[in-house]
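What follows is one structure encoded as structure tokens, with my remarks underneath.
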Number of protein chains: 2
Amino acid sequence: MATIGDVARVAGVSRSTVSHALSGKRSISTETKARIAAAIESLGYTANAGARALATSRSNIIGLMVPFIPEEFEPATMQYVLTVAHTAREHGYDVLMVTDREGVGGIDRITGSNLVDGVMVLDVRRHDSRIDHLRRAGSPAVLIGVPSDEPLIDTVDLDFEAAARSLIDHLADLGHRRVLFMTLPEVLFAQDLGYAWRFYDSALTHARSRGIALIPFAVSSEPNQVGHELDSALAEHPSATALLIHNDGALVDLPVALEARGISTPEDLSVVSIFPDQFGRMFRVPYTAVETSAAAVAERAVRMLVARIEDRDGPARLELLAPILVDRGSSGPISGRKSG
Amino acid sequence: MATIGDVARVAGVSRSTVSHALSGKRSISTETKARIAAAIESLGYTANAGARALATSRSNIIGLMVPFIPEEFEPATMQYVLTVAHTAREHGYDVLMVTDREGVGGIDRITGSNLVDGVMVLDVRRHDSRIDHLRRAGSPAVLIGVPSDEPLIDTVDLDFEAAARSLIDHLADLGHRRVLFMTLPEVLFAQDLGYAWRFYDSALTHARSRGIALIPFAVSSEPNQVGHELDSALAEHPSATALLIHNDGALVDLPVALEARGISTPEDLSVVSIFPDQFGRMFRVPYTAVETSAAAVAERAVRMLVARIEDRDGPARLELLAPILVDRGSSGPISGRKSG
DNA sequence: CTGAAAGCGCTTACAG
DNA sequence: CTGAAAGCGCTTACAG
């Protein structure tokens, strides 16, 4: 593999001149520049990443901590990962993917060794031990997901609390007073996932203030659980007139489950939801919903991290993306189910 | 950040002794070892990755080229990515994720700079320009997916040809002679994806040799296309008695589409398929099928790559995982549709 | 069992 | 506009 010394020799200049030609950090005569470019071309030279990292204390790599949560619906995660990778490249960074499997050790490893210039954490918990390690490491970092504690690290996410409020308002304005609430699998709450709890808590609180009785029931991630859970919920609460759903996996089967039960939307039951926009491109989800954009969040997160790497000072930022409600006509004024 | 010099000073030994204690490459007295360990602990020392890479010409990172194919069903891809990351860590490697967006430049960049010790390529095309770049770079590499050309690079994949044959045999043995074949979206064939073509070609060839008329029709990845395409196919070929499916996206909607048309499986129509095993854990797919395991393929791929990094000599290996047919009772002896 | 020293391939003050 | 040299933090022959 050619080194900068080889390039220098072929071009008939010093190594420092080659280095400066590469970085553009000082002006080089056009003629010299051309000779260097030719040498680089003919030798197929690419700067050694390790040497450059050692000399500059910059690897141009960002670490991405991805969750390993078997219960979680994966298409959305993939969307985050791909967008992070794309956006990072646009800023000159590569992405090192580290899974949660190692636990917190992964963070210590990649920050302690200076392997990465910054770290991005997906699926942040309300109390997330990774935050401590990040702070102790002193590494630039961005959280995707909002923890409970005071925000000491840059954070981006959809505003799940505003999303819950807007969906509740939507139903309240239509006159609904008893609403079933299909939540994420309990395992995810047990994992203390920020977005799960924030949506949940906020929905319950806001429903109370709007005079809505909100009745939560969880649906696990096994295929085909929707029907059973729905039957119990409907049987126990025959007077419910609407259904609020925060459960990607269950959403796929819901249209069928409702149809099989002869329940029309919105005539018999108003249905509103929240799910990743990209999800709607894959499946038939004919419901009025807040569409979350993994791509938008990931893009913002990369920009924040890059900004933080380039300027480590300044207070932590919290950026919450405003929810967008897409009306698909699956909700209507209160009416009452045929069976009710 | 503490350096190896700091550790040496605190432990009262030379830097080379610390280095050897870390690598275990020569024996160190128990007492010295303990002092070094204590120093490392108290300083929170982690070796600088760039310096180590520069000194050893090894980064302990493998590059993973992931496809950016919007039409492709993502859950399976995520499974590959996660398993690669896990398995790599077990072998002491981190994973740098590079997307196809940069095209072939990504390969040149990460190999040329010695950023990675080896490269793994997902979604290999029949004629894949990345193979040339890999060979020219001389970097250890493993393909996931089988190209058309002579195998010059280690390759792993499910044996899609054997899978097609076993599904065709299964139907032929049951007496079916006219079989509809729901294929992947045309875009994926246009992308020249190896697994798409290998399954397709092999199914057609083997069907002919078994006296089956196999009638292919593609279904795009937009939600809800299955019904329409199925209607046309059934109308055009009323005498077809079975359906072979290679299309993950379409599979989700198929049970509903069939039910809506009053078609029972296997009474009216035998249905067999091929899909990722993990897919069956997310959705209801009640069909006899070859279950592909992204995890198994990814694991093998990492092992091959690690072996190749540690020993660059020896001929390229081709490893095809044998298909496993899971019988779910969705196929039966030929009978003829009600409507037929 | 341990140490002194060279070297990996860059970047960047410093000097001209 | 250009060069000589020091230094980044490791590893590894070489020597004892």
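Residue numbering restarts at 1 for every chain, and letters A, B, ... go by the order of the sequence lines.
Under the Watson-Crick or G-U wobble criterion, with both distances below 3.5 Å, C:dA13 is left unpaired in every strand shown. Of all nucleotides present, none satisfies the Watson-Crick or G-U wobble test against C:dA4 with each distance under 3.5 Å.
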Give every pair of a protein N or O atom and an N or O atom of nucleotides 2-4 of chain C that lie under 3.5 Å apart, one pair per line with the distance.
residue: C:dT2; atom: OP1; partner: B:Ser29; partner atom: OG; Å: 3.1
residue: C:dT2; atom: OP1; partner: B:Thr32; partner atom: OG1; Å: 2.4
residue: C:dT2; atom: OP2; partner: B:Ser29; partner atom: N; Å: 3.0
residue: C:dT2; atom: O4; partner: B:Arg26; partner atom: NH1; Å: 3.1
residue: C:dG3; atom: OP2; partner: B:Ser14; partner atom: N; Å: 2.9
residue: C:dG3; atom: OP2; partner: B:Ser14; partner atom: OG; Å: 3.3
residue: C:dG3; atom: OP2; partner: B:Thr17; partner atom: OG1; Å: 2.8
residue: C:dG3; atom: N7; partner: B:Ser16; partner atom: OG; Å: 3.2
residue: C:dG3; atom: N7; partner: B:Arg26; partner atom: NH2; Å: 2.9
residue: C:dG3; atom: O6; partner: B:Arg26; partner atom: NH1; Å: 2.7
residue: C:dG3; atom: O6; partner: B:Arg26; partner atom: NH2; Å: 3.4
residue: C:dA4; atom: N6; partner: B:Ser16; partner atom: OG; Å: 3.1

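Remark: side-chain polar atoms of A:Arg308 are not paired, donor with acceptor, to backbone N or O of A:Ile153 under 3.5 angstrom. Looking only at distances, a side-chain donor or acceptor of A:Asp117 sits under 3.5 Å from a matching main-chain atom of A:Ser59. The backbone N or O of A:Asp123 sits less than 3.5 Å from a side-chain atom of A:Arg125, completing a donor-acceptor pair.
For the pair B:Arg109 and A:Asp94, the salt-bridge criterion is met [side-chain N within less than 4.0 Å of a carboxylate O]. Looking at A:Asp100 and A:Arg130, a side-chain N of the basic residue comes within less than 4.0 Å of a carboxylate O on the acidic one, giving a salt bridge. Between A:Asp6 and A:Arg9 there is a salt bridge, with a side-chain nitrogen of the basic residue lying less than 4.0 Å from a carboxylate oxygen of the acidic one.
For the side-chain hydrogen bond (donor to acceptor under 3.5 Å, both in side chains) with A:Arg303, the qualifying choice from A:Glu90, A:His91, A:Glu319 is A:His91, the only one to do so.
With rounding to whole Å, A:Asn60 atom CG is found 11 Å from C:dT11 atom P. If you measure from atom CG of B:Asn48 to atom C1' of C:dC8, you get 13 Å, rounded to the nearest angstrom. The CZ-C1' distance, from B:Arg9 to D:dG9, rounds to 13 Å in whole Å. Between A:Leu22 atom CG and C:dC10 atom P the separation is 9 Å, expressed in whole Å. Atoms CD1 (B:Ile36) and P (D:dC10) sit 14 Å apart, rounded to a whole Å. D:dG9 atom P lies 7 Å from atom CG of A:Leu54, rounded to whole Å.
Where A:Met1 and A:Ser23 meet DNA chain C, the nucleotide closest to each residue was compared, and A:Met1 sits on the side nearer the 5' end.
Nucleic acid contact class of A:Thr3 (heavy atoms, under 4.0 Å, all strands): sugar-phosphate only.
At the phosphate of C:dT12, OP1 or OP2 sits under 4.0 Å from a side-chain N or O atom of A:Lys25. Between B:Arg52 and D:dT11, a side-chain N or O to OP1/OP2 separation shorter than 4.0 Å is present.
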